[in-house]
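Input: a single structure, listed below in structure tokens.
Order of the sequence lines sets the chain letters (A, B, ...), proteins ahead of strands, with each chain counted from 1.
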There are 2 protein chains.
Amino acid sequence: MTAGAIQPAVRATLEDVARAAGVSLATVDRVVNRREGVRAKTIARVEAAVAKLGYRADVAAARLARGQTFRFAFVLPTGSNSFMTNLTEQVQRTADWLTGQRGFIDLLHVDVFDPDVLAGALEDLSPAYHGVAVVALDHPRVRDAIDQLAARGVAVVTLVSDAPSSRRLHYVGIDNPAAGRTAATLTGRFLAGGEGKVAVIAGSLSLRDHTERQFGFHQILSSEYPNLTALPVIEGRDDSERTRELTAALLKRHADLRGIYCCGAGNRGIAEALEASGRARDVVWITHELTQHTRRFLVRGTLDAIINQDPGHEARSAARVLLAHCMEEPISPDQERIRIDIFLRDNLP
Amino acid sequence: MTAGAIQPAVRATLEDVARAAGVSLATVDRVVNRREGVRAKTIARVEAAVAKLGYRADVAAARLARGQTFRFAFVLPTGSNSFMTNLTEQVQRTADWLTGQRGFIDLLHVDVFDPDVLAGALEDLSPAYHGVAVVALDHPRVRDAIDQLAARGVAVVTLVSDAPSSRRLHYVGIDNPAAGRTAATLTGRFLAGGEGKVAVIAGSLSLRDHTERQFGFHQILSSEYPNLTALPVIEGRDDSERTRELTAALLKRHADLRGIYCCGAGNRGIAEALEASGRARDVVWITHELTQHTRRFLVRGTLDAIINQDPGHEARSAARVLLAHCMEEPISPDQERIRIDIFLRDNLP
DNA sequence: CAGAATTTGTGTTGCGTACCTCAAAAATTG
DNA sequence: CAATTTTTGAGGTACGCAACACAAATTCTG
């Protein structure tokens, strides 16, 4: 328990290992870097010394000596919804950090909603990139472009939105069906046994993440909360004005509308319609992504809960995964798993 | 939008800056490391060159050259509740990571519930430590021990449990009143308008985090959910068996018990009592910390929600804060803020 | 056992920065 | 303008490792 004698804060170096194993520095180097031409017996001796001294390569020195640098491209959507603006900002902060780690990020903005444009951008990418992070689209052309990059030896991670059957290295984002299920459970429980209708508003049903969310939502709603009836999914195209009109119509048509789940953007429209109707307090509204707007609606009580994915975590995780892959280092999956955050008024960060 | 001509992946070095500024390497070194004896005019020239070239020190090279190493002590509770076991494990993983960053962590276990023992341990700490992370206790002797460390120039961060009026550098942990409010909102909303009693079980009211949580809980419950009556707080001493007995008695005495909020440990006891009573589905039970046990209770439906703080984030954040302080680097507050996680069955990681 | 092949040792260089010394240049002062 | 102080330059060493060349020692082969 007590402090007692603490070990000196000095790490074993390659030289120490060489001395302990009774071999030369070059041999240790051959062993730790897995080069050819060392007898099995010697390898064992060196590895024993490594284990005994607890040798760990000094990453700073190693990187310096290697002099490698890595270039990554981050391909994000053009357009300006708050979440993507936020993500862009976080990617920039991550780029700053990476600069200190001998990594470089180029930020490209393309219209990711158009498969051809997105695929084209990926195909045009300079072969100088060691890795690419892309907000993907689950579409044959995009998958193909990703596979081509992978075939060229470029590490690809999908960000926020996945292309599951492609040869991407990793997906950095939340489990969207689970997010939908979470929204359904919150809706169902907040309405605790009451009856009525629940509306689901998506940006577009051609976006995989939106469909996955609404799938998860319906799954739980129908199995666990039979007293609630889901209305047919409405497509708001992530546009506030259009979403406002649709929501207003919905409220007018269904006097027994008890809940709204929005699995895309366009939240400002929903808030306006809800507040104008005077039913903001009676309708349970749950949406995705913490932004300056959704935060305000939540604090005000119009919005009941936010399902969130943290763009900062996502940007950093994508960079870490790419970097680790390039340096042939392992990644720890549960540190890279993106959480589905739930925010109520009380636990807003 | 297109890839076009990308910059070479080479960073500007100190030499580049020297050349661009038309001064020698030594002068650049004096400027960037804020040493004495450089004219204001020259400083400006160098800084202009730094800005123009976007020079950022190579952290790897800098660390290597400095050759500094840092020693930190992490003082955690003895005893074996799941959360603390988990935290210990995460501190060990953080220690692994830190080793690569020239930092060393010694793990000390003491009985943090005894202020004298904890204060004694802090006082006995070797002066060789550059920083200390401690699961603190808000008690005069402990505060004093922390202040003494701070006076000696040792950076102290409190971990999970704070000692607010001490001279600690930083608190790494959640906002406990907010966590209590979150629990109250969940309880209130899950019971949506129903009437009845709600029990609050704490480990001990002498633990600041527990009292803060129950304070937040009561605050929201009384103001927002007047239909729910909070019973007097019960102290389970974080002991499963004792908590089981208390819960069983509670369930027996109050037929209209609708909710249980446990702001400490001892959850296995609550689960047993609830399941034995056959009222697991009717009573909304909310507790803290995701562990193997609480996860099981949540999946099974006995438990309704978990308020969580991520021990991995906490351990890494504490290490980052200590390291940044030692290297006189700034920290970014919102990256170090520990989130209050809400886990339902659907969004379990 | 000679010759070839394999394994190991010695030695060097360079990565980008920190930190140091000493001398040279420039600015300031009397 | 000389003497003094301040500022700048030149140069070196060290950090721990990677990467390489080449020589020496060891083992294997015919």
Side-chain angles (χ1 to χ4, degrees), chain A residues 8-47 49-50 53-70 99-104 326-329, chain B residues 8-47 49-50 53-70 99-104 326-329:
Chain A
V10 189
R11 5 182 334 137
T13 72
L14 273 186
E15 282 210 35
D16 300 328
V17 176
R19 215 173 306 125
V23 299
S24 75
L25 223 148
T27 302
V28 178
D29 176 59
R30 286 176 186 121
V31 173
V32 298
N33 291 320
R34 302 193 158 65
R35 302 186 218 284
E36 301 267 275
V38 184
R39 266 184 309 175
K41 222 170 83 184
T42 316
I43 294 184
R45 265 231 308 283
V46 172
E47 279 174 349
V50 166
L53 299 181
Y55 170 80
R56 308 249 281 105
D58 183 322
V59 289
R63 257 211 286 271
L64 187 59
R66 254 190 274 264
Q68 292 171 289
T69 55
F70 300 107
T99 301
Q101 317 286 312
R102 316 188 72 77
F104 299 85
C326 287
M327 316 217 311
E328 292 175 344
E329 283 170 359
Chain B
V10 188
R11 5 180 339 130
T13 70
L14 273 186
E15 282 211 37
D16 300 327
V17 175
R19 216 172 306 124
V23 299
S24 76
L25 219 145
T27 304
V28 178
D29 175 60
R30 287 176 185 120
V31 173
V32 298
N33 290 321
R34 305 197 154 62
R35 302 186 216 285
E36 302 265 275
V38 184
R39 267 184 308 174
K41 221 171 81 183
T42 315
I43 294 183
R45 265 231 308 285
V46 172
E47 279 175 348
V50 165
L53 298 181
Y55 170 80
R56 309 248 281 105
D58 182 322
V59 290
R63 255 209 290 270
L64 185 59
R66 255 191 272 264
Q68 294 171 288
T69 56
F70 300 107
T99 302
Q101 317 286 314
R102 316 187 71 77
F104 298 84
C326 287
M327 315 217 307
E328 294 175 343
E329 282 171 359

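When rounded to the nearest whole Å, the span between CZ of A:R34 and C1' of D:dA18 equals 15 Å. Here the C1' atom of nucleotide C:dG14 and the CG atom of A:L64 are 9 Å apart, to the nearest Å. The nearest whole Å value for the distance from the CZ atom in A:R45 to the P atom in C:dT8 is 8 Å. Protein atom CZ of A:R63 is 18 Å distant from nucleotide atom C1' of C:dG14, rounded to whole Å. Rounded to an integer number of Å, the gap from B:R56 CZ to C:dT17 P is 12 Å. Note: NZ (A:K41) to P (C:dT6) measures 19 Å, nearest angstrom. Distance, A:L53 CG to D:dG16 C1': 15 Å, rounded to whole Å. We find that CZ of A:R66 is positioned 15 Å from C1' of C:dG14, with the value rounded to whole Å.
For A:R63, the side-chain hydrogen bond (donor to acceptor under 3.5 Å, both in side chains) partners are A:Q101, not counting sequence neighbours.
Within 6.0 Å of CD in B:Q68 there are more than 12 heavy atoms belonging to other residues, nucleotides or ligands.
Considering OG of A:S24 and CZ of A:R19, their distance stands at 13.0 Å, rounded to 0.5 Å. Rounding to the nearest 0.5 Å gives a distance of 7.5 Å between CG of B:L25 and OG1 of B:T13.
Among the protein residues, B:A57 comes within range of the sugar-phosphate backbone only, with heavy atoms under 4.0 Å from sugar or phosphate atoms but none that close to a base.
Closest non-hydrogen pair, A:A61 versus B:L64, comes out as CB-CD1, 3.7 Å.
Among D:dT8, C:dG16, D:dG16, the nucleotide with an atom closest to any side-chain atom of A:A61 is D:dG16.
B:D16 is not listed as a side-chain neighbour of B:Y55, based on a closest heavy-atom distance of 4.5 Å or more.
Proximity of residues 14-31 of chain B to DNA chain C (heavy atom under 4.0 angstrom from any strand atom) is restricted to B:L14, B:D29.
A close approach under 4.0 Å does not occur between any side-chain nitrogen or oxygen of A:R39 and OP1 or OP2 of D:dT26.
One N or O on the side chain of A:R45 and one on the backbone of A:A21 form a donor-acceptor pair closer than 3.5 Å.
Take the nearest nucleotide of DNA chain C for A:T42 and for B:D58: the residue whose nucleotide is more 5' is A:T42.
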